[in-house]
Amino acid sequence: GAGVSQSPSNKVTEKGKDVELRCDPISGHTALYWYRQSLGQGLEFLIYFQGNSAPDKSGLPSDRFSAERTGGSVSTLTIQRTQQEDSAVYLCASSLEASGFEQFFGPGTRLTVL
Amino acid sequence: AQSVTQLGSHVSVSEGALVLLRCNYSSSVPPYLFWYVQYPNQGLQLLLKYTSAATLVKGINGFEAEFKKSETSFHLTKPSAHMSDAAEYFCAVSEGSNYQLIWGAGTKLIIKP
């Protein structure tokens, strides 16, 4: 596809369950980002992958959060033992140096933890 | 450390009036600057970007922004607001030496009929 895609678009889960959120970046984009946006809030940086370098995990809020990027393409954000405060929209973006680091965003996954 | 400040979490203007959303940044090197828009229940999309070419940048939907190095500002303007402009607007900056963007907190633009 032409843009960044994310799945699922909506996820409702029970407190304590694990969830996996998927991001398919634009083909050829070497950088991939995960953000969290809570209701009415701005963007909270979570993690950033750039090529084969070690990811920047400085934004992950707890050790329940992890992410991986396989083959330099698809990424999965995993939240273990979900809590109600994890409820938010999780946004993925990708970018390419040649485009001036412009980030292209997916539509997001809305996570609701009951 | 770099930072981006958007003055005003909410800005309210009348339909047809001038829109001015303020963004100031701190950066020790010439930056790349971006404005993104987020319509209700949608993802973010790029409005415009400055990448060291012309200081006045024109974007989509009639928006433009001017890079002023002396003021470290990149304010977003539109001459005449339309109801469809109601959205949240985010300013972001990159120094160009890495791929990360530093984001402002966002400004909600409210259009009064």
Side-chain angles (χ1 to χ4, degrees), chain A residues 2-7 9-10 21 23-26 28-59 69 72 88-110, chain B residues 1-10 21 23 25 27 29-54 57 59-60 65 67 74 87-110:
Chain A
V4 178
S5 60
Q6 293 186 245
S7 61
S9 55
N10 280 282
L21 311 180
C23 172
D24 281 272
I26 293 172
H29 280 198
T30 54
L32 186 148
Y33 316 77
W34 283 99
Y35 295 93
R36 179 168 70 176
Q37 189 174 32
S38 301
L39 187 62
Q41 302 298 309
L43 293 173
E44 177 187 2
F45 166 75
L46 296 178
I47 188 169
Y48 152 60
F49 297 88
Q50 166 49 28
N52 296 320
S53 302
D56 177 352
K57 304 179 182 181
S58 60
R69 188 179 185 191
V89 175
Y90 290 81
L91 293 167
C92 176
S94 67
S95 73
L96 187 64
E97 181 174 359
S99 66
F101 308 102
E102 172 189 346
Q103 293 185 12
F104 295 80
F105 283 82
T109 293
R110 182 176 298 278
Chain B
Q2 277 206 79
S3 66
V4 176
T5 302
Q6 290 185 241
L7 188 63
S9 59
H10 292 77
L21 304 183
C23 174
Y25 66 92
S27 175
V29 298
Y32 292 160
L33 293 154
F34 305 84
W35 276 99
Y36 282 80
V37 60
Q38 186 178 34
Y39 296 103
N41 300 313
Q42 295 187 28
L44 279 78
Q45 66 180 89
L46 183 72
L47 257 186
L48 50 79
K49 64 180 179 184
Y50 167 78
T51 55
S52 73
V57 182
I60 62 172
F67 170 62
F74 191 55
E88 187 155 21
Y89 293 79
F90 293 91
C91 180
V93 60
S94 167
E95 284 185 323
S97 60
N98 64 61
Y99 283 73
Q100 295 209 51
L101 296 183
I102 307 300
W103 293 86
T107 298
K108 278 196 172 67
L109 178 62
I110 300 161

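These values consider heavy atoms only, across backbone and side chains, with no hydrogens, waters or symmetry-generated copies. Every chain is numbered from 1, with letters handed out A, B, ... down the list of sequences.
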R110(A) side chain reached by N41(B) side chain, heavy atoms, under 4.5 Å | yes
List the atom of Q37(A), the atom of F90(B), and the distance in Å for their closest heavy-atom pair.
-> NE2-CZ, 3.7 Å
Give, as side chain, backbone, both or neither, the part of Q45(B) having an atom under 4.5 angstrom from any heavy atom of chain A.
-> neither
Check whether any side-chain heavy atom of Q103(A) lies under 4.5 Å from a side-chain heavy atom of F34(B), and answer yes or no.
-> no
Ring centres of W103(B) and F105(A) under 6.0 Å apart?
-> yes
Contact part of L44(B) toward chain A, heavy-atom cut-off under 4.5 Å: side chain, backbone, both or neither?
-> both
What part of L91(A) is in contact with chain B, defined as an atom under 4.5 angstrom from a non-hydrogen atom: side chain, backbone, both or neither?
-> side chain
So how far is it from L46(B) CG to F104(A) CZ, rounded to the nearest 0.5 Å?
-> 7.5 Å
Within a radius of less than 6.0 Å around CD1 of I110(B), do more than 12 heavy atoms belonging to other residues, nucleotides or ligands occur?
-> yes
